[in-house]
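What follows is a short report on a single structure.
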Amino acid sequence: MRLTLVLLLGLLGCLLLSQQGSGQGSSSSTESSTDSTTDSAAGSTAGPETGVTTAAPATSVTDASETTETTEATDSSSATTSASASAAARRRRIRARRRRARLARQRRKRQAQKRRQQQRRRQQRRSRRG
């Protein structure tokens with residue numbers, strides 16, 4: 001179940017990153033076309049490639065940091081899930097141990113009562129004979 005949760009969170013993170021990446025890609029192309037228009041108007045010989053080259057590393061840097069944040073969030077949630085699962089298991093073990101101890105005390109108490117009853121019966125038989 002934990003693995004499924006981690007995989008689901010990872011998939012959601014990837015989808016979110018791809019949507020944000022595609023949004024940034026379209027704004028980058030808009031910026032590059034604006035740059036090329038400006039360059040053409042100024043009579044520059046540097047083509048639209050300059051704008052594209054500048055925009056691409058900025059997008060990948062953002063994606064890398066978002067991927068790190070998503071990974072950290074996934075690790076954190078899986079650690080929290082793992083900690084709560086181990087705490088629940090610990091509580092179950094403690095309850096089971098207490099239950100076994102209580103049952104053992106009750107069994108010893110019944111056995112002691114049974115022994116006392118047997119001793120009383122023996123004494124009564126002896127007193128009847130004597």
Side-chain angles (χ1 to χ4, degrees):
M1 178 156 161
R2 282 185 249 156
L3 179 61
T4 305
L5 180 64
V6 169
L7 290 174
L8 182 62
L9 287 172
L11 180 62
L12 289 173
C14 289
L15 288 173
L16 180 64
L17 288 174
S18 68
Q19 287 177 350
Q20 288 178 350
S22 65
Q24 288 176 353
S26 63
S27 65
S28 298
S29 63
T30 304
E31 290 171 2
S32 66
S33 65
T34 305
D35 288 344
S36 66
T37 305
T38 307
D39 289 344
S40 299
S44 172
T45 57
E49 294 83 17
T50 307
V52 172
T53 306
T54 308
T59 302
S60 63
V61 169
T62 304
D63 288 345
S65 65
E66 289 173 357
T67 303
T68 304
E69 291 171 4
T70 304
T71 305
E72 289 172 357
T74 303
D75 291 345
S76 174
S77 68
S78 64
T80 303
T81 304
S82 177
S84 65
S86 64
R90 189 178 315 117
R91 286 191 298 271
R92 282 193 301 272
R93 284 193 304 269
I94 290 170
R95 267 183 270 158
R97 189 179 312 129
R98 288 178 180 165
R99 181 176 178 268
R100 285 191 303 268
R102 186 180 68 242
L103 291 173
R105 280 193 304 273
Q106 290 173 349
R107 188 179 329 112
R108 285 192 300 267
K109 186 177 178 181
R110 282 192 306 269
Q111 289 172 347
Q113 286 175 345
K114 193 174 182 180
R115 277 194 301 270
R116 284 192 297 272
Q117 285 177 350
Q118 289 173 348
Q119 287 175 350
R120 265 189 245 122
R121 287 183 189 145
R122 284 187 206 124
Q123 287 175 353
Q124 287 174 352
R125 284 188 212 132
R126 286 180 195 150
S127 65
R128 287 181 196 151
R129 288 185 212 160

Quick one: side chains of residues 90-105, donor-acceptor pairs under 3.5 Å with protein atoms, not counting sequence neighbours, listed by atom name and distance.
none

Tabulate below the donor-acceptor pairs under 3.5 Å that side-chain atoms of residues 119-130 make, not counting sequence neighbours, or state none.
unit_1: S127; atom_1: OG; unit_2: Q123; atom_2: O; d: 3.3
unit_1: S127; atom_1: OG; unit_2: Q124; atom_2: O; d: 2.8

>> Distance check, rounded to the nearest 0.5 Å: L9 atom CG versus T4 atom OG1?
In response: 11.0 Å
>> Taking the side chain as everything from C-beta on, heavy atoms only, tell me whether Q20 gets closer than 4.5 Å to L17.
In response: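 Yes; the side chains approach each other to less than 4.5 Å.
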>> Restricting to side chain to side chain contact (heavy atoms under 4.5 Å, CB included), what partner residues turn up for A112, sequence neighbours left out?
In response: R115, R116
